[in-house]
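Along the sequence shown, the residues carry numbers beginning at 1.
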Amino acid sequence: MTLPPPLMLETSEQLVTCKDESTGLRAVIAIDNTVLGPGLGGIRYRPYADLWSAGVEAQRLAAAMTLKNAIAGVPFGGAKSVVVQDGPPPRGRDALFRRFGEFVARLGGTYIPGVDMGTSSHDLRTVGSAGAEVSCTDVDPSPWTALGVFHSIAAAARHHLGTDGLGEVRVLVQGVGHVGARLAELLTEAGADVLVSDVDQARAEEVAGRLGAGTVAPGEVTTTACDVFAPCATARVITHENLADLPAKVVAGGANDTLEDEGCADELHARGVLYVPDFVANGGGVIHVQAMRSGWDDARTTAAIVRIGDRVGELVEQSRTAGTTPLQAALTKARELVTVTEGS
Ligand SMILES: NC(=O)c1ccc[n+]([C@@H]2O[C@H](COP(=O)([O-])OP(=O)(O)OC[C@H]3O[C@@H](n4cnc5c(N)ncnc54)[C@H](O)[C@@H]3O)[C@@H](O)[C@H]2O)c1
């Protein structure tokens with residue numbers, strides 16, 4: 001048996017593994033930090049090589065949720081869960097998510113799940129039916145996440161590419177699921193030259209056909225010429241190895257945990273590429289969760305999400321003044337917010 005990497009034991013405020021033979025459930029819940037409130041973060045449902053890699057992914061994503069929720073100004077800490085996909089669940093998908101909901105309910109509200117890759121509002125209702133407090137049961141927040149990413153890209157183009165608007169700006173969207181497809185629509189409406197890519201070729205072609213966009217093979221996303229690369233699929237798509245050949249001048253997308261490690265942000269910066277921290281760009285979904293809980297109308301929610309673009313502009317300017325990267329500026333800000341609250 002392989003021992004867990006040290007990260008597993010030292011990182012999270014609370015780490016829970018879930019196992020149930022009859023439903024085939026294997027899951028990990030990572031609660032990273034609850035200083036600002038209960039840990040809010042989605043349920044990811046996808047295959048993993050083993051439970052350790054699922055656990056590490058949950059922890060990394062949970063840590064990003066702490067930063068995201070702090071920067072977005074919502075009263076939540078950071079958490080995330082992954083449910084390991086391993087063929088069709090023996091008693092069906094609903095039984096799997098209901099059983100998972102029983103584990104979440106045991107946490108007494110310290111973890112509030114939402115949707116993430118591979119899960120839907122229906123799954124969240126199923127999790128909630130087991131007594132767990134959940135979000136995203138009625139409205140999928142993905143279009144709101146996409147709106148925040150769109151305004152991040154617009155701000156990045158303005159501050160880094162010097163363009164007024166997105167006309168003629170070529171944006172490659174990797175992953176055209178809930179977030180990426182809506183983002184591609186918003187970009188097209190704004191006049192951008194859009195390319196899409198998805199491991200689900202039929203989905204990529206459907207979106208491209210509908211929007212008049214081009215398609216890119218999944219293996220070519222980091223080498224295809226574009227101004228903006230918008231990752232909206234899996235984690236860690238930018239690596240030390242592939243960033244050297246990245247033609248884009250801006251990386252800004254909806255995907256969580258985009259970089260292999262923080263050092264990639266320094267390398268991108270040294271190469272003149274603006275990396276918009278993922279946890280800043282994709283905060284629209286958590287703002288929408290807060291809006292639903294607080295009864296905001298669409299106008300107020302939209303205004304709060306458009307503000308993400310202003311935040312990106314401020315971060316770019318702050319990092320220029322401080323001689324650092326936007327990632328470092330955002331990390332400093334988020335950690336201050338968590339620490340100040342902890343000390344008060
Ligand atoms: N849904 C939200 O509101 C939200 C909020 C914040 C962050 N995110 C993040 O955004 C990303 C996308 O979320 P989503 O809800 O759209 O997920 P989704 O499951 O609806 O869509 C993901 C898409 O990416 C495709 N894909 C998977 N691996 C790929 C690869 N290697 N190359 C190209 N395409 C690939 C899938 O086929 C799918 O079409 C995830 O990283 C998620 O954590 C989502």
Side-chain angles (χ1 to χ4, degrees), residues 18 23 25 27-29 37-47 58 61-62 64-65 68-69 72 74 76 78-85 88-89 91-105 107 109-150 175-186 198 200 203 206-207 232-234 254-256 282-298 300-302 304-305:
C18 318
T23 55
L25 176 71
V28 181
I29 303 168
L40 175 73
I43 306 170
R44 183 163 291 197
Y45 182 47
R46 58 167 291 221
L61 293 170
M65 289 306 297
K68 183 190 307 194
N69 292 336
V74 294
F76 299 110
K80 202 87 177 186
S81 59
V82 299
V83 176
V84 178
Q85 196 175 31
R91 287 174 48 209
R93 185 174 175 120
D94 283 356
L96 179 81
F97 280 103
R98 193 179 153 79
R99 185 74 181 106
F100 180 64
E102 289 170 10
F103 282 96
V104 176
L107 295 169
T110 49
Y111 170 46
I112 304 176
V115 293
D116 192 70
M117 271 185 78
T119 53
S120 64
S121 292
H122 173 84
D123 298 323
L124 267 298
R125 285 195 291 277
T126 309
V127 172
S129 71
E133 186 182 354
V134 296
S135 63
C136 312
T137 48
D138 300 319
V139 185
D140 175 8
S142 308
W144 299 91
T145 302
L147 183 66
V149 177
F150 170 77
V176 280
H178 291 91
V179 175
R182 179 63 188 143
L183 174 64
E185 278 172 16
L186 292 168
D198 202 295
D200 183 337
R203 187 176 291 177
E206 184 277 316
V207 173
C232 295
T234 48
N256 286 305
N282 68 18
V286 295
I287 292 173
H288 181 257
V289 168
Q290 172 63 2
M292 294 291 285
R293 290 165 77 94
S294 306
W296 297 357
D297 62 18
D298 275 4
R300 183 171 174 189
T301 310
T302 302
I305 291 173

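In this structure a side-chain-to-backbone donor-acceptor pair under 3.5 Å is missing from S81 to I29. Between the side chain of D198 and the backbone N or O of V176 there is at least one donor-acceptor pair closer than 3.5 Å. Remark: the backbone N or O of C136 is paired with a side-chain donor or acceptor of S121 at under 3.5 angstrom. With hydrogens and angles ignored, the 3.5 Å screen pairs a side-chain donor or acceptor of S135 with a backbone N or O of P113.
Minimum interatomic distance between A105 and A130 (heavy atoms only, all atoms of both residues): CB-O, 3.8 Å. Minimum heavy-atom separation, C18 to F100: SG-CE1, 4.2 Å. When every heavy atom of G180 is checked against every heavy atom of C232, the shortest pair comes out as CA-CB, 3.9 Å. Across all non-hydrogen atoms, the minimal contact from G109 to P38 is O-CB, 3.4 Å. Counting all heavy atoms, side chain and backbone alike, A146 lies closest to V179 at CB-O, 3.5 Å. Taking each heavy atom of L96 and L25 in turn, the nearest pair found is CD1-CA, 3.6 Å.
A 4.5 Å side-chain heavy-atom check between M292 and W144 finds every atom pair outside the cut-off. Using a 4.5 Å heavy-atom cutoff, the side chains of R293 and I112 are in contact. Proximity of Y45 to D123: side-chain heavy atoms (C-beta onward) are nowhere separated by under 4.5 Å. Residues V82 and R46 form no side-chain contact, since every pair of their non-hydrogen atoms from C-beta on lies 4.5 Å or further apart. The shortest distance between side-chain heavy atoms of I43 and L124 falls below 4.5 Å. I305 places none of its side-chain heavy atoms less than 4.5 Å from the side chain of F150. Proximity of F97 to H122: side-chain heavy atoms (C-beta onward) are nowhere separated by under 4.5 Å. For the pair L147 and R182, the minimum side-chain heavy-atom distance is 4.5 Å or more.
Looking only at atom types and distance, the side chain of S129 has a donor-acceptor partner in the side chain of R98 under 3.5 Å away.
A distance of 12.0 Å separates CG in L107 from CD in E133, rounded to the nearest 0.5 Å. Taking CD of Q85 as the start and OG1 of T119 as the end, the distance is 10.5 Å to the nearest 0.5 Å. Distance NZ/K68 to CG/N282: 3.5 Å, rounded to 0.5 Å. Atom CE of M65 and atom CG of N256 lie 6.5 Å apart (nearest 0.5 Å). D140 contributes atom CG, which lies 9.0 Å from atom NE2 of H288 (distance to the nearest 0.5 angstrom). Note that CD1 of I287 is 11.5 Å distant from CZ of R300, once rounded to the nearest 0.5 Å.
With sequence neighbours left out, the salt bridge (Lys or Arg N to Asp or Glu O under 4.0 Å) criterion links D116 to R44, K80. A search for salt bridge (Lys or Arg N to Asp or Glu O under 4.0 Å) contacts involving R125 returns nothing, not counting sequence neighbours.
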